[in-house]
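All chains are named by letter (A, B, ...) in the order of the sequence lines, taking the proteins before the strands, and each is independently numbered beginning at 1.
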Number of protein chains: 2
Amino acid sequence: MSDLLERLRGRGWRMTSQRRVVAEVLSGDHVHLTADEVHARAVERLPEISRATVYNTLGEMVSLGEIVELSTEGRAKRYDPNAHHPHQHLVCSGCGTIRDVHPTGDPLADLPAEQRFGFTVSDAEVTYRGLCPSCS
Amino acid sequence: MSDLLERLRGRGWRMTSQRRVVAEVLSGDHVHLTADEVHARAVERLPEISRATVYNTLGEMVSLGEIVELSTEGRAKRYDPNAHHPHQHLVCSGCGTIRDVHPTGDPLADLPAEQRFGFTVSDAEVTYRGLCPSCS
DNA sequence: TCTTGACTTGGACTTCGTCAATCGTAGGAT
DNA sequence: ATCCTACGATTGACGAAGTCCAAGTCAAGA
């Protein structure tokens, strides 16, 4: 929230009411909203905000590395504001709920050189799947 | 290919020319086609096959566990016939090429109980990202 | 061969996301 | 405090990926 706004302002961002609202909606832990959900919540505070602006703002925040974009099984991409603490995701196969998790170990270390096919591997993303307490 | 067709027939599937063609298109290693690519290749062999049938057939094969659906960063889901040998994926951030890889270790073991939030975790999917030789 | 229910078709429809022309405004300059 | 202007917001059309449905077709068992 405000620290995110501070960081954005510090990067020379023009601060508009729309951007403020989007940043406010995307705050807290275990927040993984789709663009349309962000738009719906933003509209509650700023009725005239447009879908395109939400998409633009989310895209800009992603390029700045301030939020993380995840494409889960479902259709719409989700946005995770918890970008400065690397983490993985645990997804419920029933209802789609997502939790941030911090596994031990480094998956990158598990990929031997002869399995890299000459790639420069920079990142490993782990998605755990299962049923949450209410779906099981 | 034919072993896939045999398995499907063994499960009581009605064998139609459309399903045969889709199964044939999806054969081999390191095959990761989108639904539209599958359709395009199927049309070469069976010009009247419809998009809806390709989607239906792919969806059925996925529920039967005969192929794996992967939703990469880009938009269209891709289908991987290599479903009976568990593996992970290495994706080029430049051109989108996908390779099947077999990391050592078990990512499920890296998720401690207190990080499971009461979920019944059944599966872990790892996506490695990097640049392939021609993109780096 | 006949029958029947499962499969296929084609097209309309939905959802997610992008684009471009136009309008509005944040914030520096005066 | 007001003015300017470039950057951001809006609107609505567009596009891609995927789903749905009513009607027609056909694989395979009797």
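Closest to the B:Arg9 side chain, of the nucleotides C:dT9, D:dA28, D:dT10, is D:dA28. Comparing atom distances between the A:Arg19 side chain and each of C:dT9, D:dA17, D:dA9 picks out D:dA9 as nearest. Listed nucleotides C:dG10, C:dC7, D:dT11 differ in distance to B:Arg14; the shortest reach to its side chain belongs to C:dC7. Of the candidate nucleotides C:dG17, C:dG10, D:dA28, C:dG10 has the atom lying nearest to any side-chain atom of B:Ser50.
Side-chain nitrogen and oxygen atoms of A:Gln18 include none within less than 4.0 Å of the OP1 or OP2 phosphate oxygen of C:dG24. One finds a side-chain N or O of A:Tyr55 lying less than 4.0 angstrom from the OP1 or OP2 phosphate oxygen of C:dG17. Side-chain nitrogen and oxygen atoms of B:Thr16 include at least one within less than 4.0 Å of the OP1 or OP2 phosphate oxygen of C:dT8.
A residue-by-residue look at A:Tyr79 and B:Leu46 shows that B:Leu46 has its nearest nucleotide of DNA chain C further toward the 5' end.
Looking at B:Ser122, its side chain does come within 3.5 Å of a backbone N or O of A:Arg129 through a donor-acceptor pair. Between the side chain of A:His39 and the backbone N or O of A:Glu37, no donor-acceptor pair lies under 3.5 Å. Between the side chain of A:Gln88 and the backbone N or O of A:Val126, at least one donor-acceptor pair lies under 3.5 Å. Side chain of A:Ser93 to main chain of A:Gly130: a donor-acceptor pair is present (N/O by atom type, distance under 3.5 Å, no hydrogens or angles). A:Thr57 contributes a side-chain N or O that, together with a main-chain N or O of A:Thr53, makes up a donor-acceptor pair within less than 3.5 Å.
Taking atom CG on B:Leu5 and atom P on D:dA27, their separation rounds to 15 Å, with Å as the unit. Distance, B:Leu58 CG to D:dG18 C1': 12 Å, rounded to whole Å. Taking atom CD on A:Glu37 and atom C1' on C:dT15, their separation rounds to 14 Å, with Å as the unit. Between A:Lys77 atom NZ and D:dA16 atom P the separation is 15 Å, expressed in whole Å. For the pair B:His39 NE2 and D:dA16 P, the computed distance is 16 Å after rounding to whole Å. In this structure, the CD atom of A:Glu48 is 13 Å from the C1' atom of C:dT25, given to the nearest Å. Protein atom CD1 of A:Ile49 is 11 Å distant from nucleotide atom C1' of D:dT10, rounded to whole Å. To the nearest angstrom, C1' of C:dT18 lies 14 Å from CD of A:Glu69.
Note on A:Arg51: a base of the nucleic acid sits closer than 4.0 angstrom, heavy atoms only.
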